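In what follows, a single structure is set out as structure tokens and then discussed.
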Amino acid sequence: RLRASAARALISMDLLWLLQSFACPMGPLLRGAILLTATLLFGLVVVHNLLFAVSMPLTYDYIVVGGGSTGSVVAGRLGQAGYSVLVLEAGGPTQRSLGGGSDPILGEWTIFDVPLGWVQVLSDHRWSKEFQWDVPADPPPAIARGLGGCGIHNAMLYMRGRPEDFISWGEGWSWDEVLPFYLRSEDNADWRNSSLHGTDGPVRVTGVSTDAISAAFVKACVKAGHASVPDFNGPVRTGAGFYQFMIRNGVRDSAGAAYLGGERQPPTVVIKAHALATRLLFQGNRATGVEYVRGRAPTANAPRLRVSARHEIIVAAGAVLTPKLLLLSGIGDKSQLAEHGIPVQYHNPAVGRSLADGVYAIMQWATTRSTFVRCRLEGERRGPREAGLDGDETDETVSVASAPAPPKSRAGASLAGLSHAQICDSQRDAYARGDRASTSLGTPGMSAGAFLRSPYATGGEPDVQLTIHPWDKYSRTWSRKFGGIASIEIANNHPRSRGHISLRSARFSDPPVFVGPYLRDINDSLPLLWAMRQVREIASTSPMAEHIDSEILPGAHVASDTQLLDAIACGPAQFRELGRPACDRSELAVNHLAGTCRLGDPTDPNTVVDRQLRVVGVEGLRVADASVMPRPPSGNTHATCVMIGERAAQFIIDERNALVRRRKRRRKL
């Protein structure tokens, strides 16, 4: 590129010299005008060549569309194998190691680095506007737009699938076959001598400090008859215990940071941020390149750029945007493509179908005191409501209890009696100084949960997940003050409902049509209804009961099946009465989206990619992200996305090596 730019600059200098020679015999005024015009034109040509040399067609061994939780793994592993890789990421830099260091919020760290910052990234317009895709829906999905993908705004839970989950994935994807690829990515700080954990991978996995009410929740679960589980990624998951997270020394360790961050980025990998893929390019039946546009918010009129792949293109844009790109490229239902005037590359009605996600029910309690302080990250621009408290940071005094329960405890005695503002200043100062892991900012603001098997579960694995947040995660406006608030999210991880993704138009700049899979089958409410009653029993059991003042959501008065089902489907009635919609579905989505480009047997009409993740019907194209999951895992999806990335990279490397060996054998013959 630089040689080409230099050559064009030299040609421009030759033209300038010719114009100057031509102008010499003329009068001084005319000569001056010509020279000035020539000099300006020369400057414009040079600037254009330097700025837009990147638009020249380039070729890489592999192109990865999407620098998220799976795409970063594929790119990193292919780069480590010596291949040239281009990563096209529609979003911008995020974590410090991913180029976001020019926008620090706490010392040298960005809001994406600080584990407790994830809720602000999702809810604060200053970040959500740029780093989330705007996809209109009810409820709207939370889809990350930035280097690192969902790994920059999720809660960092490390939760694998269970053996039973992979039965439907088919040949080559059994538990015994996928477990080594889970382990390959894992560097577990707490389970160093376990055959079920890796210790040499790039992603740090660790427990975090807990708080008094979360520790009490786990003890109450056990006292109420549920098993104690020391390791949710161990032999058994059903029961209560403490989560593990992808955090390294108090800093988020996303897959993007672990595989492509800073010095971990292989020298053969090139990352283009703010580069949105608009369609895939084909020569005959083979995918050979990608058309893309640059910019933070490119419009339909943005200049199209092109880049070519010698070997393959891997689409890793997620369960919503991967099917959108395939459809824009002519892979999908021919009737839908014809409706938008898109030429058919390969007819496959399964593209965009079978959209899966978990569904939530939310419960909250007023607690006798706050046992966790959630500090915001604006510094001097502090919000008036934090950690379940009303009022400004400066006028509340928080009683902080130390937490003696496993896996770790955060010393809190020295903070007792301090105001909220004083505690948060202390926490921010400690984090900025480097004492990150000892602060609440170095945690995701939660530590404990439980997995329960409802009477409606099929198979032997739990279908319900409980997660306790020792603060008002939903930042509601309450009519009175509370000593503290605790929230429990109840997730049905095995819903029957399915939605779909389709095109709104043929314009890349238009969001897709998102038809969410939330309670389309009313039976999906039944495990949640059962679990809400289980949670009430847990909350009334010692030692959690000693922390509870009253249930405030949906409220103890909401007792009948009809009332509870209404609270699940439409949100808390007391807030709907205050002016919200008659049915508020905004809190239903778990945002573990999957299934829209399912893997399977190529002869199966529901299949989009084969079991080596190759897109059926074309060549040179794979999909590697949550969209390929035939059944989402029994829990959080991020670790499984990383596993898929590891498998995809190995498929590609093995296939390429086999091809090279065959060519060598033919040459010998």
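Computed from a predicted structure; not experimentally measured. Numbers here are sequence positions counted from 1.
Here Ser447 contributes atom OG and Ile468 contributes atom CD1; the two are 8.0 Å apart, rounded to the nearest 0.5 Å. Atom CD of Glu89 and atom CG of Leu147 lie 5.0 Å apart (nearest 0.5 Å). Between Ile423 atom CD1 and Phe372 atom CZ the span is 11.0 Å, to the nearest 0.5 Å. The line from CE of Met156 to SG of Cys150 is 11.5 Å long, rounded to the nearest 0.5 Å. Atom CD1 of Ile488 is separated from atom CE of Met532 by 10.5 Å, given to the nearest 0.5 angstrom. Remark: Arg480 CZ to Ile552 CD1 distance equals 7.5 Å, nearest 0.5 Å.
Between Glu130 and Arg296, at least one side-chain nitrogen of the basic residue sits less than 4.0 Å from a carboxylate oxygen of the acidic one, meeting the salt-bridge criterion. Between Asp187 and Arg192, at least one side-chain N (NZ, or NE/NH1/NH2) sits under 4.0 Å from a carboxylate O, which counts as a salt bridge. At a threshold of 4.0 Å, the pair Glu186-Arg204 does not count as salt-bridged, since none of the basic side-chain nitrogens sits closer than that to a carboxylate oxygen. Salt bridge present: Arg585 and Asp138 bring a charged side-chain N and a carboxylate O closer than 4.0 Å.
A donor-acceptor pair under 3.5 Å links the side-chain atoms of Arg252 to the main chain of Gly151, judged by distance alone. At least one donor-acceptor pair closer than 3.5 Å links the side chain of Asn591 to the backbone N or O of Ala142. Between the side chain of Arg294 and the backbone N or O of Lys272, no donor-acceptor pair lies under 3.5 Å. A donor-acceptor contact shorter than 3.5 Å links the side chain of Thr439 to the backbone of Gly442. Remark: side-chain polar atoms of Ser487 are paired, donor with acceptor, to backbone N or O of Trp471 under 3.5 angstrom.
Counting heavy atoms from C-beta outward, Ser185 and Val642 have side chains that approach closer than 4.5 Å. In this structure the side chain of Gln364 reaches within 4.5 angstrom of the side chain of Asp472, judged on heavy atoms. At least one side-chain heavy atom of Arg436 sits less than 4.5 Å from a side-chain heavy atom of Trp109. The side-chain heavy atoms of Thr637 and Met159, taken from C-beta on, include no pair separated by under 4.5 Å. Between Asp190 and Val205, every side-chain heavy-atom pair lies at or beyond the 4.5 Å cut-off. Side-chain contact between Val269 and Val87 is present, with heavy atoms from C-beta onward closer than 4.5 Å. Contact annotation: the side chain of Val119 never approaches that of Tyr474 to less than 4.5 Å [non-hydrogen atoms, C-beta and beyond]. Using a 4.5 Å cut-off on side-chain heavy atoms (C-beta onward), Pro115 and Ile247 make contact.
Between Ala137 and Phe514, the shortest heavy-atom distance links the atoms CB-CD2, 3.5 Å. Across all their heavy atoms, Ala144 and Ile152 have their closest contact at CB-CG1, 4.3 Å. Residues Leu276 and Pro298 share a closest heavy-atom pair of CD2-CG, 4.2 Å. Nearest heavy-atom pair, Ser627 versus Ala319, reported as atom, atom and distance to 0.1 Å: CB-CA, 3.7 Å. Across all their heavy atoms, Ala316 and Thr322 have their closest contact at C-OG1, 4.0 Å. In this structure, Gln120 and Ile111 approach most closely via the heavy-atom pair CB-CD1, 3.8 Å.
A side-chain N or O of Thr467 and one of Tyr243 form a donor-acceptor pair less than 3.5 Å apart. In this model, a donor atom of one side chain and an acceptor atom of the other lie less than 3.5 Å apart for Gln465 and Asn636. Residues Asn493 and His592 bring no donor and acceptor atom of their side chains to less than 3.5 Å of each other. There is a side-chain donor-acceptor pair under 3.5 Å between Asp357 and Tyr518. Checked by atom type, the side-chain pair His547/Thr368 shows no donor-acceptor distance below 3.5 Å. In summary, the side chains of Glu587 and Tyr360 do not present any donor paired with an acceptor at a separation below 3.5 Å, with no hydrogens or angles considered. There is no side-chain donor-acceptor pair under 3.5 Å between Tyr431 and Ser438.
Under the rule for a ring pair (Phe, Tyr, Trp, His ring centres under 6.0 Å), the partners of Phe131 that lie at least two apart in sequence or sit in another chain are Phe112.
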Q: Could you give me the CA-CA distance, side-chain angles and deciding distance for Asp429 and Ser426, then say whether side chain to side chain donor-acceptor pair (under 3.5 Å) is met?
A: CA-CA 5 Å; Asp429 290 345; Ser426 172; over 6 Å; no
(Q) Before you tell me yes or no, could you show the steps for Glu537 and Thr541 under side chain to side chain donor-acceptor pair (under 3.5 Å), namely the whole-Å CA-CA distance, both residues' side-chain angles and the distance that decides it to 0.1 Å? (A) CA-CA 6 Å; Glu537 181 181 350; Thr541 300; 5.4 Å; no
Q) When you look at Asp584 and Arg576, which way does the salt bridge (Lys or Arg N to Asp or Glu O under 4.0 Å) test go after all the steps? A) CA-CA 7 Å; Asp584 181 3; Arg576 297 183 342 238; over 6 Å; no
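Here the two cysteines Cys375 and Cys424 have their SG atoms closer than 2.5 angstrom.
Ring geometry, Trp118 versus His469: the interplanar angle falls from 30° to 60°, so the pair is classed tilted.
Stacking of Arg476 on the aromatic ring of Phe575 is recorded, both the 6.0 Å distance cut-off and the 45° axial limit being met.
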